[in-house]
Q: 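Quick one: structure below, then a few questions.
Predicted model only: the values in this text are computed from it and were never measured. Whatever order the structure lists them in is the order used to number ligands and atoms, beginning at 1.
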Amino acid sequence: MKKPNGSEIIQLFESWSPKKIACMENDPIGLAIGTLNKEITKVLVTLDVNEKVADEAIEKGCQLIIAHHPPIFRKLSNLRTDTPSGKLYEKLIKNDIAVYAAHTNLDVAEGGVNDLLADALELENREILEKTYHEHLMKLAVFVPDDYADKVRIALSKAGAGKIGNYDSCSFSTNGQGRFRALEGADPFIGNIGEMETTDEEKIEVVFPHSIKNKVLKAMLNAHPYEEPAYDIYTLAVETNIMGLGRIGYLKQPMSLAAFAEHVKNRLNVPCVRVVGNTEETVSKVAVVGGDGNKYIHAAKRAGADVFVTGDMYFHVAQDAQSIGLNIIDPGHHVEKVMIKGVAEKMGQLCSERKLAVQFIQSEINTEPFIFI
Ligand SMILES: [Zn+2]
């Protein structure tokens, strides 16, 4: 087992929940406080960072905190140590505790906040509620002398090209003749300077997501025997790596809105929920958006949700939901606490697979500001 530094841990985290999938403009994600350039043996996972959480990190010997809500949300105009937030930053820095925030990227990520909430609510046959990220599929067509076709094909699939759904190493080939004349200064693999050459070649076609274009090209160029390989590369009108905010799925069994409200309370461990709608109505298709989902009532309605579970519901938005016939359950914003266990377990698994000796500790501090009387 190897003791990792902070950057190695965050690299793994971002292989699961990359910054590029964040869906809020100027979302202050990433390293917020301190440095990742140090050895890390204990990471505290929390929904929020407040002074009690900082004390917990100190007490438990954590060198890094991974939080869902960014501890510095608005730009600072000063760094006074006589304000509550200033005192928090001072404490974290004096104790050499780094804080890394994964906000809307963790909401969107597969297995992130919204999937964890959908898991907790036991939603089946789930889909994304609102698409917020996709990549275009690209195609590479490369012309390779027959004897080298296997080598190039293997290199392409090792680089991640040719993955379609649950299949990998997908490619298509056509055979034909390549023609060329090497000019002065060339070092031809086949043929001689100044002479026309015709050779049996295979045209290999593969698809891959735009984000791995450079890796795929590099692999092809390294495996190809020619000095100047001939290839076409183009963007397809096919989307891949589709991700988004919120989830929509079905309950195992339809139930009344009143029974579903009880289910939400039990499954998300909250003492009460606010309900909009007719409690007698039967619900089976459920949409969920962690945190503040006010903006998504129409997306939930369009997607055919019988009920929408989200926090921080405003009075007027609740009235709008009522007028479009959408039932709402508001269990509060703090239900995003499901990420504490989810992130700690996922990161624990990713790090142990790579034999990194680091422990992910689930924060036990309750950061819910509301009490229910
Ligand atoms: Zn939130």
Q: Just by modelled atom types, is the G86 backbone N or O under 3.5 Å from a matching donor or acceptor in the T83 side chain?
A: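 Checking the backbone N and O of G86 against the side chain of T83, a donor-acceptor pair under 3.5 Å is found.
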
Q: Tell me which N, O or S atom from H333 is the closest to the Zn ion (ligand 1).
A: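 Result for H333 and the Zn ion (ligand 1): NE2.
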
Q: Please check if the distance between the ring centroids of H210 and H134 is under 6.0 Å.
A: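 No; H134 has its ring centre 6.0 Å or more from that of H210.
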
Q: Centroid separation under 6.0 Å, is that true for the rings of Y226 and Y148?
A: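 No - the distance between ring centres of Y148 and Y226 does not fall below the 6.0 Å cut-off.
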
Q: Could you tell me whether any N, O or S atom belonging to H69 is less than 2.8 Å from the Zn ion (ligand 1)?
A: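 So H69 counts as coordinating the Zn ion (ligand 1), yes.
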
Q: Does the separation of the ring centres of F13 and Y100 fall below 6.0 angstrom?
A: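 Judged by ring-centre distance (under 6.0 Å), F13 and Y100 do meet the cut-off.
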
Q: Can you name the N, O or S atom of E336 that is closest to the Zn ion (ligand 1)?
A: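 Considering only N, O and S atoms, E336 comes nearest to the Zn ion (ligand 1) through OE1.
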
